[in-house]
Structure formats: structure tokens, C-alpha cells
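So you know, we letter chains A, B, ... as the sequences are listed, proteins then strands, and number each from 1.
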Protein chains: 2
Amino acid sequence: MTRARGLKMTPQRRLIVEYLRGAVNHPTADEVFSAVNEQLPITSRATVYNTLNWLKAAGMIREVFEAGNVRFDPNTTNHHHFVCRACGRIDDVDFDSVGDVAFCALPGRQEIESYDVTLRGLCAACQPVA
Amino acid sequence: MTRARGLKMTPQRRLIVEYLRGAVNHPTADEVFSAVNEQLPITSRATVYNTLNWLKAAGMIREVFEAGNVRFDPNTTNHHHFVCRACGRIDDVDFDSVGDVAFCALPGRQEIESYDVTLRGLCAACQPVA
DNA sequence: TCTAAAATTAGATCTATTCTAAAAACCGTG
DNA sequence: CACGGTTTTTAGAATAGATCTAATTTTAGA
Ligand SMILES: [Mn+2]
Ligand SMILES: [Mn+2]
Ligand SMILES: [Zn+2]
Ligand SMILES: [Zn+2]
């Protein structure tokens, strides 16, 4: 996740990439900004946004949109998501955990290249107490 | 789609609801604002946003997030979406056009209540010319 | 070490949305 | 039909997320 592409390595970029590598919770840009600033307290928002955009363009992270928020996903493998309606957490769901989606009889002449499934419900922690 | 819920009917609300009823393209708030202002040129953004939020709270429209934009969906039936990667259009995909999604072996103890599928690719109009 | 190119910064700007307070419209009642 | 309390609308201010800018600093190769 750290290969350069005509880019220079800097402490800011290193921290952003490291934070994303460990992130399991689809952080927002602001969460990345806060985390990086705990280590390097003068890091600017512009650098965080620029770096996130470059990583995205380089295909090293993805964006996830949920509940009107833009979040970043360091997992670039083909996978799905589970969203808890109570706490809002977004968990990865392995591609193979969901059986092949069979789409047929689509109205137009679309060419389907990929798909993703969003499962919604209550996560384990938000389950009512029996 | 026009039932009141303790709300008064006004020309602005009527136009917003009518526009949404006919909308097939998941309009943004600004597109609703523009369309309504062609008929009633002094309608304010605040009214458009307020009305959209009420309709959403009343379950008469839904929100769709794609490419970082908030869009509104007058189709409240259970359905999926197709997103064209070239032109960005979002088409409804009937729930029955997609075979049942079988999810198994999920990591946690989530309770799945619903799911939706986003199909991605090229729409008919954006298909390369053979 | 030197230097050109690239990156960072603070703050300005832009865009989408919400908030606010005053004016206008609505509608049941007299 | 006019009244008056309540609801709604409006313009513009305020807020939040994201991008842009121009000046300064850093990087990394020679
Ligand atoms: Mn993910
Ligand atoms: Mn739809
Ligand atoms: Zn939860
Ligand atoms: Zn298209």
C-alpha cells in the first residue's frame, strides 16, 4: 500500500497510509485527519484530502457512501458491506459470504461489470437483550 | 404520495410532490429546486429541503447516495439500482430482476433485515459503438 | 551540499445543507 | 367574509465538508 507513483514519501503520507492500513471501520476524512494529527499535530486538512484523493485515484483505497457520509475503505478486494441501522457501523462482508447474485431480465441493454450488496440490520452489539 | 400527516397542503409542496412523482432519475435537491422554480419562481431552497426531509421522515421518499451525491428516490418499494459508470445515471432495478441473495457464514451475529444490490456498468446509451 | 521539483500549510473559497427571524398564507370559527 | 392563531415560506446568515491558492518548506537525486 505504500508504492510511489512519481510521488515523494513524506511523514504525513506515511502516517495516513499507516492509519488506513490498520483501519477496520471505514473512516471519514475527518477521522483520518484527527488520527494523523495525534502523531503529527500540524498536518493540514488539505494534505489529508489530497492524499486520500491520490490513493483513491491510484486504486489503493475506495470510497463508501452511507447515510450521506463519505467514508474510505482500505479494503480494495471485491467485497460487500453490512450496515447497522442502530449504531451505523459498517462491516466488511467477504465476497464469498454472499452467494452469487443472479440478475436477469434487466429492463435496458446495460452491461453489468460488477455489483455489490449492502446488508442492513442490527449488529451483534445492538441486538436487543433477549 | 400526497397524503398529509398533519401537514398543510401548499402550492410549493404540491409541486415538489408532483415533480417527485414523475421523476424517474433520482433527482438531487437542487434538481427539485430548479424544477419547482420553473413553475413557481420564488420557491426557496429552505422549503425544498424542508419538504424533502418531511417526505423522507414520512417514508414517502428515500435517499440514495452515489458518487458522493445525495439523491432522492420516489420509489419506496423494495428495489435495487443500476449505476452507469460513464454518465452516472441511476436506474431502478426491480427487486425480482435480481435473484434472492443468499448470505451465509457472516462473521458476526448480525441480524439481517434487508439488503440492496447496486449493479454497476455501462448503460445502453454509453455502450461503445460496436 | 545544492537545487529543481514536489509537497505542505493556513486560510480563503466553494458548495450543500440547515438555521433564523420576519412576513405571508392557511383555515376553522364567529 | 373577516379575524386570529397557527403553520409555512422566504431571504439570507450560519455551518460543515471539501477544494483551491499562493507562499513556504521538504524531498531526493546529482
Ligand atoms: Mn469495506
Ligand atoms: Mn430507485
Ligand atoms: Zn450496531
Ligand atoms: Zn451511461
**Prompt:** Which atoms form the tightest heavy-atom contact between Arg120(A) and Asp116(B), and what is the distance?
**Reply:** NE-OD2, 3.0 Å

**Prompt:** Which base, if any, makes a Watson-Crick or G-U wobble pair with dA30(D), both distances under 3.5 Å?
**Reply:** dT1(C)

**Message:** Centre-to-centre under 6.0 Å for Phe95(B) and His80(B), is that the case here?
**Reply:** yes

**Item:** Pairing of Lys56(B) and Glu63(B) as salt bridge, 4.0 angstrom limit
**Value:** yes

**Item:** Heavy-atom pair with the smallest gap, counting every atom of Arg89(B) and Asp91(B)
**Value:** NH2-OD1, 2.8 Å

**Asked** At their closest point, which heavy atom of Val70(A) faces which heavy atom of Gly68(B), and how far apart are they?
**Response** CG2-CA, 4.4 Å

**Prompt:** Just by protein heavy atoms under 4.0 Å, how would nucleotides 8-26 of chain C read 5' to 3' in B, S and -?
**Reply:** SBB-----SSBB------B

**Request:** Send over the distance from Ile16(B) CD1 to dT9(D) C1', rounded to a whole Å.
**Result:** 11 Å

